[in-house]
Amino acid sequence: MANRYKEFKHLNLPAIEKEVLDRWQRENAFQKSVEVREGAQPFVFYEGPPSANGMPGIHHVISRTLKDLVCRYKTMQGFKVERKGGWDTHGLPVELGVEKELGITKEDIGKKISIEEYNQKCREAVLRYKDKWDELTTKMGYWVDLEHPYITFTNEYIETLWWCLKQLYEKGLLYKSVSIQPYSPAAGTGLSSHELNQPGTYRNVKDTSAVAMFKAVRNEKSAFLFQAANCQLPTANCEIFFLAWTTTPWTLPSNLGLTVGPNIDYVLVKTFNPYTHLPVNVILAKALLGKYFKPEGENGDFDSYDEKVKLLPWKILAEFKGSELEGLEYEQLLPDEANSLAAVQAITPGAKPWRILLGDFVTTEDGTGIVHTAPAFGADDFRVGKKYNIGILTLVDREGKFVDGLGEFSGRYIKDYKSDPAYVDVNVDISVKLKKENRAFKVEKYEHSYPHCWRTDKPVVYYPLDAWFIRTTAVKDRMVELNKTINWKPESTGTGRFGNWLENMVDWNLSRSRYWGTPLPIWRTEDGREEKCIGSIEELNAEIRKASEVLGGDVNTHYLHNGILDLHKPYVDEVILVSDSGKPMRREPDLIDVWFDSGAMPYAQWHFPFENQEKFTQNFPADFIAEGVDQTRGWFYTLHALGVMLFDSVAYKTVVSNGLVLDKNGNKMSKRLGNVVDPFKTIEQFGADATRWYLITNASPWDNLKFDIEGIKEVQRKFFGTLYNTYQFFALYANVDGFTFKEDYIPVAERPEIDRWILSSLQTLIKQATAALDEYEPTQAGRLIEDFVDEHLSNWYVRLCRRRFWKGDYEQDKIAAYQTLYECLETVVRLMAPISPFFSDEIFIQLNAVTGKHHGQSVHHILFPEVREELIDTELEERMQLAQDASSLVLSLRKKANIKVRQPLQKVLLPVLSPTMEQQLQKVEDLIKAEVNVKEMEYLTDTEGFIKKKIKPNFVALGKKLGARMKAVSTALQNFSQHDISLFEKEGRYSLPINDEAVELTLAEVEITSEDIPGWSVASKGPLTVALDINITPELEDEGNAREFVNRIQKIRKDSGFDVTDRIDVKVAANNGIAASLSKFNNYICAEILADTLEITSTIADGIEIEVNENQLKVIVLKKG
RNA sequence: AGAUCCGUAGCUCAGCCUGGUUAGAGCACUACACUGAUAAUGUAGGGGUCAGCAGUUCAAAUCUGCUCGGGUCUACCA
């Protein structure tokens, strides 16, 4: 055991961290922190896998600090906390990165580069920055198992994913359907939302838009409309039309419905068709009348309507809600062979098209408030169409041209996909046709923002594509229910963002048309009648052999010998399986959403159920996970969905979602803006500890953080600097006195007031910090620790106790001081260890190296401090607060009178309002006197006429009782005389007449404070008032001089580099006044400055010039020996 | 467009859940002081329509509604 505490020269956090890191590595500290808890209750943590194909940024440091501190804390709480690292390795960003690097596009795959080579490139690229990530992980002190991470592209991982998929398949939760997705006819491929969100894809374009007229069918349901239109007889003039607007007239042949908003007001309007000038009745949203009709035309003269005058007369015939229109039928707009009822029903048996539907998505911002609905070409359309079973028509092929059976339009491209100079816009032709047929109410160019394919620059369309779905909607209620058991931090994310998301859930579209990812393990016959879902490698290999036997030829010959070695494309696609009826089956070509990869990590990280069954059982569900709030609908969702579907369980019990890291101006960090903060540089410069402390204490994790390097500097200076100094102070004197905590622990009750106070505060801190951490509020915990170190420990305890450490002999009081300060330091570093693991460990080790109080090589192996409730003394903490306040008040009075603290003063007057207050103050009297340098404290109790008092209502206590009478009482109290107040105090109660009614008041319901002591200079804060006697007697002046002189000599000692224990001889030349002071206090001075002699003469030759209260002196200070 | 979080001093934040009468810290700035641990600290000073409007209440930074501004997620539409 060392016998001296290490004394540092400077505080150099990065250097200390490097040493600590080396030690951790040497001693396998992380591994050991898990091992020492062998057999203990596990605390389960899941690491959300990052993707290592990009560089880590500062925002990764915050979420990882959060994860790390919780895990460290729980370890210190006695739990066994394993943390398996992981890597997310599939997905589009990887593919795009590779394509960029190789200078190819998706079309080149299979041509310029084989899928095999392409995927090989992806596999290499995906862990490109793994080293950088590992480095950051290590340097920031994030303890996570980097040796055995799970990697999503491995066969084992994928095998578990397949197992999961098969479970879902067997539960009937996996199905194939169409979904409406962005599709680029020019490129012949679907686009992901990621691709659609590339900059520049949304562009303002001018399209031909048309308000088409859909003719209502007259029947029982629609009778009320025809009645309103005054058409008792079926005449040609009596036609009613629904108006619907579209910016894509090419979708009109595929129209199968019209959607209205149930709560939107619609009107039936009598008017003329502006193109054909035929009288018509039209229906549209009331709110949009102004778009089509001028106010002057309302109730205009229908009989003398002139086609040349552009003013349409119009008249509202009826008004109704959208909900009243539900189910009404209309005539098909552009009937043809390809979109006949027979054709529709051939695709969707039993479909009932051309009806009015209700949909919440309808707005009255544009168009007519009636939405032309073509299920194939819009996600909303598809959804509402499905609900009403109106069928689906896709009259445009994958190249973007009309199919056969549409007469004049067949074969024409809906947009200029071929860059044909002779291209004629089919949308215009459709509009012209409508105009001619009295089926267009308004046709115009319309400018709007429309997405374009980022590769071909051609407009994207929404198009039905085959996709596999997970029927999450089937377990929606259960997911909602279980979500309520999850502890969300902050809570609002769980109930709000996540809760709402669950409420509005749609089935999970799993399909991705890509190359590098987990293949969907489903094989199908060509007619789609038979299919097989594969759930393991073994099963696949068995099926491979079976197919080879049944189908013969060279089917699967490559895979017969060793089985399949890589579950990725292209290999799985070469495998042909055989159906039960003996037909060949090919794999469904899709890959699955990478979110499935990460959502299945609780199972796949252990290769469950093929291995580690017990391990899995012990580690599911997680006690805690944490990621950025942007993962709410990503990882948090997929984990939850799979947990519920596979095991009817939550996947995590607590989830903390942290906010974003913005730059100091509140802008999002991006490479483009050049405001990204390099985490390596930051850690290099300021240390991981200060960075972590700053990130955690500056703002709650879920608030966005405005990252400012100045904030880290402040943390470093203020918190770590103060703590470091406190330790240095301790080490300095403990080494001098040889304190090694070998003496018995002095019972706290036997220690001085101030020791009991700091220990009581320390217990309070432990209690509060523990509570905060238990509630996943590390910000609170950090701030509490900070306050304690700064306010209590350093600026009060150490400041007031300084003398106890360097004065006097090594006996009880001094030992008590050492024991107390030691306990504070050691406890503080244990409390802060989870947040800032390096410096705390260093200090802990240095302390423990001498005292050996703990068995353990690291603060991270021992237990978190436990509160000793019996040491908490609230009264003591309160009176110390009084002492601090009183001192502060006296100092401010000194300041006002311009009397420095070194000048002793005679007396402080303190009016006390109760005996308790007096007792409390008496106990801290010595502390106050020493701190403010006064000789006596006098308590004023009999105060009438001497102290001026003030009374005001205790609003909290009185509010409920008085209610509206509060104001009157408040005014009455304001007018109380000194006599009234003292009467009240004497009686303990007062009867106040308010509005002819007596209001009884007790002392507890008012606050009485002393305000003034006539003739004295006073200061007050709350109930505390102090007055200071500022007379300086000659006696006091002498002492002031002596103290000033001591101060100067101490400075010389320090400047001369003397040791704190060196003895000196002093010679001083002083004029008469000062000389008298010095000689009078000769003994005191010698004791203070450790001088054996203090010689006072009239002159000395050289020596150092000093000034004592405006007197010039010369001194010679000599070190002895 | 919807959901959600945020808006308090020049800056970073507390206080809001549970309403109570002078709205607090720290940083920065100015002056003075203290220091035998201190890169600290103390005292004093300037600095606030608590984003805005309306409501509830004896009383609103705090509760409710609306509006504005910022962020994020989702959707992107006739």
Side-chain angles (χ1 to χ4, degrees), chain A residues 10-11 193 196 202 209 244-248 251 259 361-363 365-374 377-381 448-451 462 490 492-493 495-501 504 628-634 659-660 662 664 666-668 697-699 702-704 706 708 710-711 713-714 716-718 721-722 724-733 783 787 790 794-795 798-799 802-803 805-806 887-888 891-896 898 900-902 952-959 962-970 1046-1047 1049-1051 1053-1054 1058 1060 1088-1090:
Chain A
H10 302 281
L11 174 59
S193 60
L196 220 52
Y202 279 85
S209 75
W245 179 60
T246 180
T247 55
T248 51
T251 58
T259 309
F361 59 89
V362 181
T363 69
E365 283 185 7
D366 276 319
T368 63
I370 301 177
V371 176
H372 141 62
T373 304
F377 303 120
D380 284 334
D381 305 42
H448 62 153
S449 155
Y450 197 85
Y462 288 83
S492 56
T493 302
T495 53
R497 187 183 283 199
F498 196 66
N500 284 319
W501 170 250
N504 300 316
V629 68
D630 52 339
Q631 293 294 330
T632 306
R633 276 137 188 195
L660 273 95
L662 309 170
K664 65 175 180 179
N667 298 311
K668 198 174 170 176
T697 57
N698 187 64
W702 33 88
D703 285 337
N704 289 344
K706 288 184 191 160
D708 189 356
E710 291 301 318
K713 286 186 192 163
E714 194 183 321
Q716 198 183 33
R717 213 176 51 228
K718 208 169 152 48
T722 307
Y724 159 82
N725 283 320
T726 308
Y727 168 80
Q728 279 291 90
F729 173 84
F730 168 82
L732 178 65
Y733 292 107
R783 286 174 178 172
D787 280 354
D790 195 40
S794 172
N795 281 313
V798 173
R799 195 150 63 93
R802 223 181 288 126
R803 293 184 141 252
F805 291 92
W806 55 266
S887 303
S888 159
L891 290 172
S892 85
L893 288 173
R894 275 181 171 277
K895 163 75 191 164
K896 246 182 232 159
N898 225 347
K900 56 176 78 172
V901 180
R902 262 193 300 268
K952 69 171 193 178
N954 178 345
F955 285 96
V956 185
L958 276 177
L962 293 181
R965 288 172 298 173
M966 182 69 107
K967 267 202 176 127
V969 171
S970 181
V1046 166
N1047 169 259
I1049 302 299
Q1050 300 290 32
K1051 190 164 163 41
R1053 283 186 63 116
K1054 198 179 182 187
F1058 294 175
V1060 290
E1088 288 294 309
I1089 62 176
L1090 299 187

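Note that these values count all heavy atoms, side chains included, but never hydrogens, waters or copies made by symmetry. The sequence lines fix the lettering, A, B, ..., with proteins before strands; numbering per chain opens at 1.
- B/C53 and B/G10 have their C1' atoms separated by 27 Å, with the value rounded to a whole Å.
- Set against B/C13, B/G42, B/A40, the side chain of A/L891 has B/G42 as its closest nucleotide.
- Rounded to a whole Å, the CZ atom of A/R799 is 9 Å from the P atom of B/U43.
- Of the candidates B/C77, B/U43, B/A40, the closest approach to any side-chain atom of A/Y462 belongs to B/C77.
- The residue A/L11 sits close to a base: some heavy atom pair falls under 4.0 Å.
- Applying the side chain to side chain contact (heavy atoms under 4.5 Å, CB included) test to A/N954 and every residue at least two apart in sequence or in another chain returns A/V956, A/A957, A/E1007.
- Per the geometry, CE belonging to A/M966 stands 8 Å off C1' belonging to B/A59, to the nearest Å.
- Taking for each of A/K900 and A/G378 the nucleotide of RNA chain B with the nearest heavy atom, the 5'-most of the two is the partner of A/K900.
- Heavy atoms of A/V969 sit nowhere under 4.0 angstrom from any nucleic acid atom.
- Heavy atoms of A/Q728 sit nowhere under 4.0 angstrom from any nucleic acid atom.
- When distances run from any side-chain atom of A/R783 to the nucleotides B/C76, B/A14, B/A37, the shortest one goes to B/A14.
- Across the protein-nucleic acid pair, A/D787 atom CG and B/C13 atom C1' stand 12 Å apart, rounded to whole Å.
- Among the nucleotides B/A37, B/A33, B/U22, the one closest to the side chain of A/K952 is B/U22.
- Residues meeting the ring-ring contact (aromatic ring centres under 6.0 Å, His included) test with A/F1058, sequence neighbours left out: none.
- Distance, A/K1051 NZ to B/C34 C1': 13 Å, rounded to whole Å.
- For a distance-only test at 3.5 Å, the side chain of A/S794 fails to qualify as a donor-acceptor partner of the base of B/A40.
- Atom CZ in A/R717 sits about 7 Å away from atom P in B/C27, given to the nearest Å.
- With both ends at atom C1', the span from B/U8 to B/G52 equals 14 Å, rounded to whole Å.
- Here A/N698 lies in heavy-atom contact (under 4.0 Å) with sugar-phosphate atoms only.
- The separation between A/Q1050 atom CD and B/C34 atom P is 14 Å, rounded to whole Å.
- The distance between atom CG of A/N1047 and atom P of B/A33, rounded to the nearest whole Å, is 12 Å.
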Point to revise | Secondary-structure string, 5' to 3', Watson-Crick or G-U under 3.5 Å, | for another-strand partners, for RNA chain B | key: (((((((..((((......[...)))).(((((.......))))).....(((((..]....))))))))))))....
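- Summarising the geometry, the separation between CG on A/N725 and C1' on B/C34 is reported as 16 Å, rounded to the nearest angstrom.
- Nearest-nucleotide positions on RNA chain B place A/E1088 closer to the 5' end than the other of A/E1088 and A/G721.
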